[in-house]
Amino acid sequence: MSLLSFRKTKDATKTTVNPQLEAFLQDYSIEVMPRTAEKVDDFRDLLPAGTRVYIAHIEGTPIEDMVATAKRLSADGYKVMPHFPARIIKDEATLADWIARYQGEAGVDQALLLAGGVAQPHGDYHSSMQLLESGQFDKAGFKHLHVAGHPEGNRDIDKDGTDKLVMEALHWKQRFNDTTDAEMALATQFAFEAKPIIAWADAIKEAGVTLPIHIGIAGPAKLQTMIKFAMACGVGPSLKVLQKRAKDVSKLLLPFEPTEVLTDLAAHKAANPDFNITNVHFFPLGGIKTNANWAIANGGTSAVPASQS
């Protein structure tokens, strides 16, 4: 009798997975830092086999720590995509050295290129376009090069609140895509509401930017944590989703989860298969384990950990 009950419960759980969300989460990626990766005993208990794992390079993090984290993840069978923040890279020799270390010690062949979160460049570079122009990644045979996208604008770039300079940069990157052998994509800042995301994705496609989009999504976290990161990262119109939540005392202490925004985006993707958002990229603001467990609970076969597959 108990065995039958167990089977019934297991089957019922399976039917609760939203098939559109399951499909949308296929091949999702996630971001770690060396210090957060150290807290994870075994990534294979959390992430699907072959997951792309970005390694964020925060100012002050030694390259040795970055490469060691890349080596560990690569050994576990994950696709490693380290950040290359232009403004903390001193010169072309440093850039070449980093690429050689990642390749030689961790087998890395992909990178996220971005300006970086520091106000003053440490050396010769101030933008991801300069890193691309260096030719170092093509010379090394990198297969995937991702660059930043901003669904709700970027006040650090367009200080007047428009998207003029951001769009000029996107068009430049689109043209570069035609000259490189690497596959390029946009990895975006996170947002909390599907409507602004969809409008932005449609707008850049209409403007001739056809790079696939890996949409940034904040993983489950305390509401206060989410608001802090959102304000620091310049999240725009969709911030009102968090502000509305903060006014509801009954939900104030509950973690904010990405279920609604991802369900809406998944439904839009299902109705519009050529929609240019192709992948989900998680920022695990509430912790890697918390984020992975949410994906496991909501992603069905798209989120089964490597150790269970």
Side-chain angles (χ1 to χ4, degrees), residues 24-33 47 50-58 66-67 69-70 73-74 78-89 95 98-99 102-103 106-117 125-152 154 156-157 166-191 197 200-201 204-205 209-219 233 265 275-284:
F24 196 58
L25 288 175
Q26 183 70 43
D27 295 326
Y28 78 80
S29 60
I30 196 166
E31 187 162 298
V32 304
M33 292 181 287
L47 305 179
T51 298
R52 174 177 282 124
V53 182
Y54 293 64
I55 308 178
H57 196 151
I58 306 302
M66 293 290 297
V67 173
T69 304
L73 288 163
S74 183
Y78 293 107
K79 302 171 186 174
V80 181
M81 180 171 270
H83 288 196
F84 282 78
R87 293 174 188 168
I88 70 170
I89 300 173
L95 175 60
W98 287 15
I99 291 173
Y102 280 124
Q103 278 195 321
V108 168
D109 61 3
Q110 50 190 299
L112 171 64
L113 313 184
L114 64 168
Y125 302 114
H126 61 80
S127 74
S128 61
M129 291 179 285
Q130 290 176 305
L131 297 181
L132 291 169
E133 277 186 318
S134 74
Q136 291 290 332
F137 295 95
D138 283 329
K139 181 181 177 182
F142 270 48
K143 296 178 181 177
H144 297 272
L145 296 174
H146 291 186
V147 290
H150 305 278
E152 298 184 332
N154 186 325
D156 289 336
I157 298 174
V166 166
M167 285 305 301
E168 287 177 1
L170 284 179
H171 281 111
W172 188 98
K173 293 165 186 175
Q174 179 68 48
R175 291 192 297 272
F176 185 86
N177 180 62
D178 297 333
T179 67
T180 179
D181 291 331
E183 292 185 26
M184 292 187 67
L186 299 177
T188 82
Q189 183 56 273
F190 57 84
I197 293 172
W200 171 77
I204 68 167
K205 186 175 182 179
V209 178
T210 59
L211 296 173
I213 298 169
H214 294 219
I215 191 66
I217 295 293
C233 296
L265 288 172
F275 184 45
N276 47 347
I277 291 181
T278 60
N279 297 74
V280 173
H281 173 61
F282 283 114
F283 293 88

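Keep in mind that the numbers below use all heavy atoms, side chains included, and drop hydrogens, waters and symmetry copies.
- Nearest heavy atom pair, residue Pro85 against residue Gly116, reads CB-CA, 3.8 Å.
- Inter-residue side-chain proximity for Phe282 and Leu25 is flagged as met; some heavy-atom pair is nearer than 4.5 Å.
- In this structure, NE2 in His214 is found 7.0 Å from OG in Ser29, a value given to the nearest 0.5 Å.
- A 4.5 Å side-chain heavy-atom check between Leu186 and Ile204 finds at least one atom pair inside the cut-off.
- Between Phe176 and Trp172, the ring planes are parallel. Angles under 30° get that label, and only those over 60° would be called perpendicular.
- Checking side-chain atoms of Ser127 against main-chain N and O of Ala115 turns up no donor-acceptor pair under 3.5 Å.
- The minimum heavy-atom distance between Ala201 and Phe275, with the atom names listed, is CB-CE1, 3.8 Å.
- Residues Val53 and Val80 fail the side-chain proximity criterion, which asks for heavy atoms closer than 4.5 Å.
- At least one side-chain heavy atom of Val147 sits less than 4.5 Å from a side-chain heavy atom of Leu132.
- Using bins of under 30°, 30° to 60° and over 60° for the plane-to-plane angle, the ring pair Phe84/Phe137 lands in the perpendicular bin.
- For the atom pair CG (Leu113) and CD (Gln130), the distance works out to 12.0 Å, reported to the nearest 0.5 Å.
- Thr179 OG1 to Glu133 CD: the interatomic distance, rounded to the nearest 0.5 Å, is 10.0 Å.
- The shortest distance between side-chain heavy atoms of Trp200 and Ile277 does not fall below 4.5 Å.
- Remark: Arg87 CZ to Leu114 CG distance equals 9.0 Å, nearest 0.5 Å.
- Of all the heavy atoms in Ile89 and Tyr125, the pair that sits closest is O-CD1, 3.6 Å.
- Here the side chain of Gln136 pairs no donor or acceptor atom with the backbone of Ile99 at under 3.5 angstrom.
- Screening Lys79, His83, Gln110, His146 for a side chain to side chain donor-acceptor pair (under 3.5 Å) involving Tyr54 leaves a single residue, His146.
- Atom CG of Asn279 is separated from atom CD1 of Ile217 by 12.0 Å, given to the nearest 0.5 angstrom.
- The closest side-chain heavy-atom distance from Gln174 to Leu211 is below 4.5 Å.
- No more than 12 heavy atoms of other residues, nucleotides or ligands sit less than 6.0 Å from atom CD of Glu183.
- At least one side-chain heavy atom of Ile55 sits under 4.5 Å from a side-chain heavy atom of Leu73.
- Proximity of Pro151 to Ile215: side-chain heavy atoms (C-beta onward) are separated by under 4.5 Å at one or more points.
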Pair Phe142-Tyr102, ring-ring contact (aromatic ring centres under 6.0 Å, His included): steps then yes or no: CA-CA 11 Å; Phe142 270 48; Tyr102 280 124; 8.3 Å; no
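- Listed here is the closest heavy atom pair of Ser128 and Ala86: N-CB, 4.3 Å.
- When every heavy atom of Ala182 is checked against every heavy atom of Thr180, the shortest pair comes out as N-OG1, 3.1 Å.
- One distance of note links CG of Asp181 with NZ of Lys143; it measures 12.0 Å at 0.5 Å rounding.
- Annotation for Pro82 and Val108: closest pair CD-CG1, 3.7 Å, computed over non-hydrogen atoms.
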